[in-house]
Visitor: 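Here it is: the structure, laid out below.
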Amino acid sequence: EGGASGDVACDHYHRFREDVEIMAHLGMQAYRFSISWSRLIPDGQGEVNEVAVKFYSDLIDALLAKGITPWVTLYHWDLPSALEQEFGGWLGPKSRVTAAFGRFARACFERFGG
């Protein structure tokens, strides 16, 4: 009714600047969020999605500008489905999934610092 649905949820992706303003107003000193592996490297191993890099970089910069420390989680239950389909994901050959995760982690540290 009235066009409301759960399709968009909180829409942090489009409203992060407003969210950061609210955090600052509340006096938050830190914010924990996850960098989605599926968003950053959609197929799990290939090219980095630069649109995703810009989103996370802008979020981190907005937090720092308000004196809020970003606490980043690299893995929060979002294994790219391509890795599950290709070799069984975490249950597949450990060398494959750890190499793919290592690439994801390196991409994060190279682009967002560490």
Side-chain angles (χ1 to χ4, degrees):
E1 182 166 320
S5 74
D7 291 348
V8 177
C10 68
D11 201 18
H12 181 65
Y13 183 82
H14 293 106
R15 299 174 184 239
F16 75 88
R17 290 187 198 322
E18 182 181 337
D19 293 342
V20 170
E21 289 294 332
I22 293 168
M23 290 178 216
H25 178 75
L26 293 172
M28 291 175 59
Q29 297 176 345
Y31 176 58
R32 192 210 58 85
F33 63 94
S34 300
I35 295 177
S36 170
W37 186 355
S38 300
R39 180 177 284 155
L40 195 70
I41 305 175
D43 71 1
Q45 304 178 89
E47 295 299 314
V48 172
N49 174 2
E50 295 301 330
V51 173
V53 170
K54 180 170 178 12
F55 165 73
Y56 289 116
S57 183
D58 289 349
L59 171 60
I60 291 166
D61 290 347
L63 291 166
L64 293 174
K66 293 294 182 178
I68 301 169
T69 303
W71 289 357
V72 177
T73 300
L74 290 185
Y75 184 75
H76 198 249
W77 310 110
D78 66 339
L79 178 80
S81 61
L83 300 183
E84 181 67 32
Q85 294 166 356
E86 184 178 337
F87 56 80
W90 291 112
L91 298 178
K94 296 303 175 212
S95 61
R96 303 248 352 241
V97 73
T98 56
F101 182 79
R103 172 157 165 51
F104 166 61
R106 277 189 302 280
C108 289
F109 283 98
E110 288 169 358
R111 285 163 171 85
F112 310 118

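Position 1 is the first residue of the sequence; numbering continues from there.
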Visitor: Given side chains that start at C-beta, do those of Leu83 and Pro80 come closer than 4.5 Å, heavy atoms only?
Guide: yes
Visitor: Is there side-chain contact between Trp90 and Tyr75, with at least one heavy-atom pair below 4.5 Å?
Guide: yes
Visitor: Tell me every residue that passes salt bridge (Lys or Arg N to Asp or Glu O under 4.0 Å) with Glu50, counting only those two or more places apart in sequence or in another chain.
Guide: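 With neighbours one apart ignored, the set is Arg111.
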Visitor: Quick one: salt bridge (Lys or Arg N to Asp or Glu O under 4.0 Å) partners of Arg15, sequence neighbours excluded?
Guide: Asp11
Visitor: For residues 24-37, run the donor-acceptor check on the side chains, cut-off 3.5 Å, and write out each pair with its distance to 0.1 Å, sequence neighbours left out.
Guide:
from	atom 1	to	atom 2	distance (Å)
Arg32	NH1	Ser34	OG	3.2
Arg32	NH1	Thr73	OG1	2.9
Ser36	OG	Ser38	N	3.4
Ser36	OG	Arg39	N	3.1
Ser36	OG	Asp78	OD2	2.7
Trp37	NE1	Gly44	O	3.3

Visitor: Quick one: list whatever passes side chain to side chain donor-acceptor pair (under 3.5 Å) with Glu86, sequence neighbours left out.
Guide: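 Testing Glu86 for side chain to side chain donor-acceptor pair (under 3.5 Å), a comparison that skips the adjacent residues, returns Gln45, Arg96.
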Visitor: What residues, two or more places apart in sequence or in another chain, satisfy side-chain contact (heavy atoms from CB on, under 4.5 Å) together with Ala82?
Guide: Asp43
Visitor: Residues two or more places apart in sequence or in another chain: which of them pass side chain to side chain donor-acceptor pair (under 3.5 Å) with Asp61?
Guide: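 Partners of Asp61 under the side chain to side chain donor-acceptor pair (under 3.5 Å) test: none.
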Visitor: Under the ring pair (Phe, Tyr, Trp, His ring centres under 6.0 Å) test, which residues partner Tyr13, sequence neighbours left out?
Guide: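 Partners of Tyr13 under the ring pair (Phe, Tyr, Trp, His ring centres under 6.0 Å) test: Phe55.
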Visitor: Lys66 and Glu21: which non-hydrogen atoms are nearest, and at how many Å?
Guide: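 Taking every non-hydrogen atom into account, CE-OE2, 3.0 Å.
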Visitor: Apply the test side chain to side chain contact (heavy atoms under 4.5 Å, CB included) to residues Ile41 and Asn49: give CA-CA distance (whole Å), side-chain angles for both, the deciding distance (0.1 Å), then the verdict.
Guide: CA-CA 6 Å; Ile41 305 175; Asn49 174 2; over 6 Å; no
Visitor: Rounded at 0.5 Å granularity, tell me how far CZ in Phe112 sits from CG in Leu59.
Guide: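 Atom-to-atom, Phe112:CZ and Leu59:CG are 9.5 Å apart.
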Visitor: Glu110: which residues meet the side-chain contact (heavy atoms from CB on, under 4.5 Å) condition with it, sequence neighbours left out?
Guide: Arg106
Visitor: Could you pull out all residues at least two apart from Thr98 that satisfy side-chain contact (heavy atoms from CB on, under 4.5 Å)?
Guide: none
Visitor: Transitively linked via ILVMFWY side-chain contacts under 4.5 Å: Val48 with Val51?
Guide: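 Yes, one cluster joins them.
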Visitor: Looking only at non-hydrogen atoms, find the nearest pair between Leu74 and Phe101 and report the distance.
Guide: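 Closest approach of Leu74 to Phe101, heavy atoms only: CB-CZ, 4.2 Å.
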Visitor: Group every Ile, Leu, Val, Met, Phe, Trp and Tyr by side-chain heavy-atom contacts under 4.5 Å, then state whether Phe104 and Trp77 land in the same group.
Guide: yes
Visitor: State yes or no: do Leu63 and Ile22 share one hydrophobic cluster built from I, L, V, M, F, W and Y residues joined by side-chain heavy-atom distances below 4.5 Å, directly or via other members?
Guide: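 Both belong to a single hydrophobic cluster.
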